[in-house]
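As structure tokens, the structure follows; a few thoughts come after it.
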2 protein chains.
Amino acid sequence: MNRYKAPTIVQLAKLLGVAPSTVSRAFTDPGKLLPETVDRVRRKASEIGYVPNNHARALITGRSSIVGLIVPDIANPFFPPILRQAQRTAEEQGLSLILADSDGDPERELQLVGRMTPQVEGLVLAASRLPEKSLVTIAERLPTVLVNRDVEGIPRVLVSADEALDLAVATFVRDGHRSLAYVGGPPESWSNAQRASRVERSAREHGLPMARLEAPGGTYSEGFDVARAVTSAGATAVIAFDDVIAHGLISGFQAAGLSVPHDVSVLGCDDTLSTTTYPPLSSISLDLRGAGRLAVETLRASAGPSAAAPARFELEGKLVLRGSTGRAPER
Amino acid sequence: MNRYKAPTIVQLAKLLGVAPSTVSRAFTDPGKLLPETVDRVRRKASEIGYVPNNHARALITGRSSIVGLIVPDIANPFFPPILRQAQRTAEEQGLSLILADSDGDPERELQLVGRMTPQVEGLVLAASRLPEKSLVTIAERLPTVLVNRDVEGIPRVLVSADEALDLAVATFVRDGHRSLAYVGGPPESWSNAQRASRVERSAREHGLPMARLEAPGGTYSEGFDVARAVTSAGATAVIAFDDVIAHGLISGFQAAGLSVPHDVSVLGCDDTLSTTTYPPLSSISLDLRGAGRLAVETLRASAGPSAAAPARFELEGKLVLRGSTGRAPER
DNA sequence: TTGAAAGCGCTAACAG
DNA sequence: CTGTTAGCGCTTTCAA
């Protein structure tokens with residue numbers, strides 16, 4: 001119905017009385033042309049609405065100008081900032097981003113990778129749930145960058161809460177807390193393992209007893225429900241895998257008649273909720289946008305003929321203390 | 001670096017001793033071949049890892065198997081469900097989805113459309129901020145579906161809160177409220193205009209005075225700040241453009257020592273926060289996923305040679321009463 | 001600095 | 001039912 005015939009390079013060339021190759025060069029390698037010619041071509045092009053056909057270009061160059069991005073769950077507030085910045089960066093580089101959501105299912109993720117492979121020139125896998133072996137195989141046939149997944153030999157960018165977590169534990173100790181709880185999130189998540197072990201280590205170093213609790217679905221209501229387990233463990237400070245769980249915890253405590261932070265301190269992670277809780281949630285702010293940008297920049301770099309070792313970037317988060325944490329209650 | 005040479009149709013054909021077109025047909029039109037041949041081709045294909053080259057195919061058919069989706073702000077919880085379901089539906093149809101975020105800026109949006117046009121076979125514009133004229137032009141050259149934008153002549157799917165809003169106003173009246181406030185969101189948003197005028201109309205019909213307030217950025221903190229204006233307007237019930245603003249309002253009231261819903265009732269819209277506020281937010285639940293699905297299905301349909309009138313779908317939301325609304329305070 | 005010509009991998013008539 | 005033959009729109013040697 002809407003058959004709108006886009007102008008081709010030949011039409012434009014004819015119109016200008018030059019060869020198609022000249023037009024081509026005006027777009028792909030302007031340095032090889034007289035600036036004047038480049039100008040003339042470009043002007044006319046935008047006048048008649050000529051845009052190079054990506055498919056024809058991809059066919060010959062083998063580069064599709066498309067990168068794929070797979071996330072486990074778009075609706076999780078952790079990902080939009082990454083996604084957004086990745087898209088923006090791609091755009092700056094003249095790339096398009098195709099997106100897919102694996103639903104946290106490794107099989108589905110693998111399938112998506114398979115579908116994307118023939119049409120993308122690179123892949124960004126965020127918080128991948130795939131086994132290392134699969135990732136290595138994928139990275140062998142397609143430039144691949146991992147976000148928040150640390151696999152030797154594959155370029156990766158990690159947003160880390162490690163140092164901030166150490167600081168948080170130290171702060172709790174200084175504020176008189178004598179018992180800590182950590183509420184974990186999705187067990188398949190690399191970040192989850194990372195954070196849990198870091199808090200554990202930190203607590204041990206401080207001689208602080210730590211209870212390990214779980215909210216495997218990473219939901220608000222799981223956080224709500226797990227609050228009572230925190231109290232019965234006798235912890236006066238909780239660190240949650242993420243803000244959503246932390247938010248649930250706060251509500252759970254309030255529903256149980258406990259005051260935050262007077263009776264119990266709650267620390268979230270990711271800082272996705274900013275100040276939309278009451279009391280405002282202390283959290284760990286991560287450079288998600290930076291990660292999005294870095295991921296596609298790294299992809300770009302690793303797609304080139306560089307023989308450099310696969311990059312590994314670690315972006316440290318910052319502890320942000322707001323109203324949900326404070327001194328331990330007097331006993 | 002990873003120069004992996006994919007097998008071509010010619011190689012596969014030679015290997016099988018058939019013509020390239022036969023291989024082609026085995027993938028694009030198997031009905032025209034002996035089932036046995038199809039099988040032989042497919043088997044060998046997956047054996048040597050042959051996958052049709054999308055770009056070559058797109059070049060000749062003019063169909064790229066890619067659809068573009070543009071949203072004003074991925075981070076807004078309104079869009080992920082749409083996006084997610086759109087992607088999933090596209091996938092089912094063998095399409096890929098390329099995504100872009102316009103940042104709510106019409107100029108940027110137009111630019112994005114321009115960049116996408118040559119490589120997509122259709123466009124979904126969600127909550128577009130473009131003037132009608134631009135939209136019409138776009139839809140003329142490319143199959144286009146609008147989400148939450150109502151332009152005559154262009155296929156669109158609208159998620160509407162209208163009936164639920166009527167019901168909400170009626171409920172407020174029945175519960176003894178004598179003065180209402182509506183807090184609007186982004187002024188460029190079609191939904192905003194839609195909802196505001198519907199509430200206004202409904203209030204008028206009920207003889208209920210209504211104050212019109214604004215939170216143009218649609219943020220939590222704007223909601224928080226506007227709470228005082230609601231009280232000074234004397235309203236005992238507020239309807240907010242969306243849940244985020246409503247959430248801010250609740251906090252604002254609480255900070256001012258007012259109890260929700262005892263002193264003031266708060267109704268959100270979109271139901272994106274579910275029960276993560278205290279008290280749990282009454283809201284209007286919209287079929288966002290349905291909209292995502294319908295959008296790409298409609299796109300698919302309208303890309304065909306149908307001469308049917310552009311479809312217009314309206315998905316009505318449901319009023320969900322939770323703890324943030326109730327009877328008007330006794331005076 | 002520019003032009004001519006040869007395909008990239010695939011599909012779509014048209015034959016057979 | 002299968003093969004042959006032209007290109008789709010573009011980039012890229014190779015000449016001029």
Side-chain angles (χ1 to χ4, degrees), chain A residues 3-42 44-45 48-66 94 96 117-121 305, chain B residues 3-42 44-45 48-66 94 115-121 141 305:
Chain A
R3 297 267 150 226
Y4 165 77
K5 270 293 179 191
T8 77
I9 206 173
V10 182
Q11 291 168 20
L12 179 52
K14 205 157 284 173
L15 232 46
L16 287 158
V18 301
S21 45
T22 301
V23 175
S24 173
R25 281 189 273 256
F27 286 98
T28 53
D29 199 354
K32 289 210 147 104
L33 253 43
L34 282 178
E36 183 198 316
T37 317
V38 175
D39 234 57
R40 217 159 58 87
V41 173
R42 293 239 175 119
K44 194 79 182 175
I48 69 168
Y50 167 78
V51 183
N53 180 318
N54 249 300
H55 304 297
R57 178 178 280 178
L59 182 54
I60 184 158
T61 60
R63 318 193 62 243
S64 61
S65 304
I66 301 182
S96 297
T117 298
Q119 49 189 329
V120 301
E121 76 181 67
Chain B
R3 295 271 149 223
Y4 167 77
K5 266 292 177 194
T8 78
I9 205 173
V10 180
Q11 290 168 20
L12 179 52
K14 204 158 285 173
L15 232 45
L16 287 158
V18 301
S21 46
T22 300
V23 176
S24 173
R25 280 188 274 257
F27 287 98
T28 53
D29 199 354
K32 289 209 151 104
L33 254 42
L34 282 178
E36 182 198 315
T37 317
V38 175
D39 234 57
R40 217 158 60 85
V41 173
R42 292 239 176 121
K44 195 79 184 173
I48 68 167
Y50 168 79
V51 184
N53 180 319
N54 249 300
H55 304 296
R57 178 178 282 176
L59 182 53
I60 185 156
T61 59
R63 317 191 63 241
S64 59
S65 302
I66 302 182
R115 291 181 61 92
M116 283 189 175
T117 299
Q119 48 189 328
V120 300
E121 75 180 70
R141 43 184 59 190

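A quick note: this is a predicted structure, and the numbers were derived from the prediction, not measured. Each chain gets a letter, A, B and so on, in the order the sequences are listed, and its residues count up from 1.
L59(A) has its CG atom 12 Å from the P atom of dC10(D), to the nearest Å. Regarding Y50(B), its OH atom lies at a distance of 6 Å from the P atom of dT11(C), rounded to whole Å. Put simply, CZ on R40(B) is 12 Å from C1' on dT2(D), counting in whole angstrom units. One interatomic measurement links the two molecules: CD1 of I60(A) to C1' of dC8(C), which rounds to 5 Å at whole-angstrom precision. Atom-to-atom, CD1 of I9(A) to P of dC8(C) comes out at 18 Å; the value is rounded to the nearest Å. Atom-to-atom, CZ of R57(B) to P of dC10(D) comes out at 21 Å; the value is rounded to the nearest Å. At whole-Å resolution of the value, NZ in K14(A) and C1' in dG9(D) are 13 Å apart. Atom pair K32(A):NZ and dC14(D):P shows a separation of 13 Å (rounding to whole Å applied).
Direction change of the helix axis from one end of the helix from dT1(C)-dA16(D) to dG16(C)-dC1(D) to the other is 30°, with five pairs defining each end axis (rounded to 10°).
Proximity of I9(B) to S24(B): side-chain heavy atoms (C-beta onward) are separated by under 4.5 Å at one or more points. In this structure, P30(A) and R42(A) have side chains that are in contact, with non-hydrogen atoms separated by less than 4.5 Å. Inter-residue side-chain proximity for V51(A) and T117(B) is flagged as unmet; no heavy-atom pair is nearer than 4.5 Å. Under the 4.5 Å side-chain criterion, counting only non-hydrogen atoms from C-beta, S96(A) is in contact with Q119(B).
Side-chain proximity of R25(B) to dG9(C), dC10(D), dC14(C): nearest is dC14(C).
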Item to check | side-chain contact (heavy atoms from CB on, under 4.5 Å) evaluation trace for V23(A) with K44(A) | outcome: CA-CA 10 Å; V23(A) 175; K44(A) 194 79 182 175; over 6 Å; no
Checklist entry - Could you walk me through whether L12(B) and T8(B) pass the side-chain contact (heavy atoms from CB on, under 4.5 Å) check? => result CA-CA 6 Å; L12(B) 179 52; T8(B) 78; over 6 Å; no
Item to check | Steps toward side-chain contact (heavy atoms from CB on, under 4.5 Å) verdict (S64(B), N54(B)) | outcome: CA-CA 7 Å; S64(B) 59; N54(B) 249 300; over 6 Å; no
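Of the side-chain N and O atoms in T8(B), none sit less than 4.0 angstrom from OP1 or OP2 of dG9(C). Between dT2(D) and T22(B), no contact under 4.0 Å exists linking OP1 or OP2 to a side-chain N or O. Residue S24(B) has no polar side-chain atom (N or O) positioned under 4.0 Å from OP1 or OP2 of dC10(C). Note on T61(A): every side-chain N or O is 4.0 Å or more away from OP1 and OP2 of dT12(D).
Along DNA chain D, the nucleotide closest to N53(A) and the one closest to G31(B) are compared, and the more 5′ of them pairs with G31(B).
V23(A) comes within contact range of no nucleotide atom at all, as no heavy-atom separation falls under 4.0 Å.
A donor-acceptor contact under 3.5 Å links the side chain of S21(B) to the base of dT4(D).
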